[in-house]
Enquirer: 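Structure in structure tokens, see below.
Just so you know, residue 1 is the first one in the sequence shown, and it goes up from there. Read the numbers this way: they start at 1 and go in the same order the structure lists the ligands and their atoms.
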Amino acid sequence: MKVVILDTPTDVARYGADLFQQQLQRNPASVFGLATGSTPVQLYRELIERNRQGLLSFREVRTFNLDEYMDLPATHPQSYRHFMNSEFFDHIDIDPANTRVPPGDAADPIAACTDYERAIADAGGIDIQLLGIGRNGHIGFNEPTSCLTSRTRVKTLTRETIEDNARFFSAGEHQPHLSVTMGIGTIMEARLVLLLATGESKAAAVKAMVEGPVSAWCPASALQMHPAAVVLVDEAAASQLSNPGFFKHIEAENQALLARLGHCP
Ligand SMILES: N[C@@H]1[C@@H](O)[C@H](O)[C@@H](COP(=O)(O)O)O[C@@H]1O
């Protein structure tokens, strides 16, 4: 996996936006897998600004989101559909009909998971799958002990996740205990996986993902087996890596080679 250590979360967002922009230059009708959470927000804002400046367009793009809560209406402020609309889709030139989230509100979510997988395949697969990472190494809602070849399915949220989320729901309000998430096998089929991690709270998960054994105990470690996994971290999220200088040296050499060959950085 390619680990790029950058100074700040803003540098992480800009580097990630460059990868999306380069992909759109190769194929304006690209298919993107998108993520929620706080980490990707700065990247979305960078892409919104570049779209506003006319540097890129999402007019022909199709998107599939990584995960969604079950039993939350799409209009609920805590639903990932609401998050994506308010943080990204409402601010770019994408056709809302081309944006999909996992079927958390389906009458039969189990059957709808198969449809979701088929829709991704029918779109030709995912060009860039954007990920965040949980403090325990989860990706999407694939929590520790998730099968490393799993597909889109219904998953139970951990007690920690439910407790972490409680602050977003009022007393007595239904709080989801289940989710629908792309599986790790689904994620691994993307042509490029782009994982962002920033802040000290992710340092242990980043270390386990990059240096630890490939293990269901750290679902993100599966990315060690992906041929095109790019991990963008700031100094804080990289702070527990054994040899950060090694990754910085590789990135400098890589950038110099691309510049010499006249390729996209
Ligand atoms: N289901 C989401 C994940 O997709 C996300 O990556 C993770 C980290 O979120 P944050 O980036 O806010 O730390 O939170 C949730 O569990």
Enquirer: At a heavy-atom distance under 4.0 Å, which protein residues reach ligand 1? Sort them by chain and number, would you?
Expert: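 Lining ligand 1: G37, S38, T39, L66, D67, Y80, G132, I133, H138, G140, F141, K202.
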Enquirer: Given the rule in the salt bridge (charged side-chain N to carboxylate O under 4.0 Å, His left out) test, do R52 and E49 qualify, once you have shown the distances and angles that lead to the verdict?
Expert: CA-CA 5 Å; R52 191 187 64 78; E49 179 56 24; 2.5 Å; yes
Enquirer: Any salt bridge between R50 and D18, counting N to O under 4.0 Å?
Expert: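 Yes, charged N to carboxylate O under 4.0 Å.
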Enquirer: Looking only at atom types and distance, does a side-chain atom of N142 sit under 3.5 Å from a main-chain N or O of M182, one as donor and one as acceptor?
Expert: yes
Enquirer: Check whether the side chains of Y116 and E68 place a donor and an acceptor atom closer than 3.5 Å, and report yes or no.
Expert: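 Short answer, no.
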Enquirer: Would you name the heavy atoms of L232 and V12 that are closest together and state the gap between them?
Expert: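 Smallest heavy-atom distance, with atoms named: CD1-O, 3.7 Å.
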Enquirer: Measure across L34 and Q129 and return the closest heavy-atom pair with its distance rounded to 0.1 Å.
Expert: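 Looking at all heavy atoms of both residues, the shortest contact is N-NE2, 3.9 Å.
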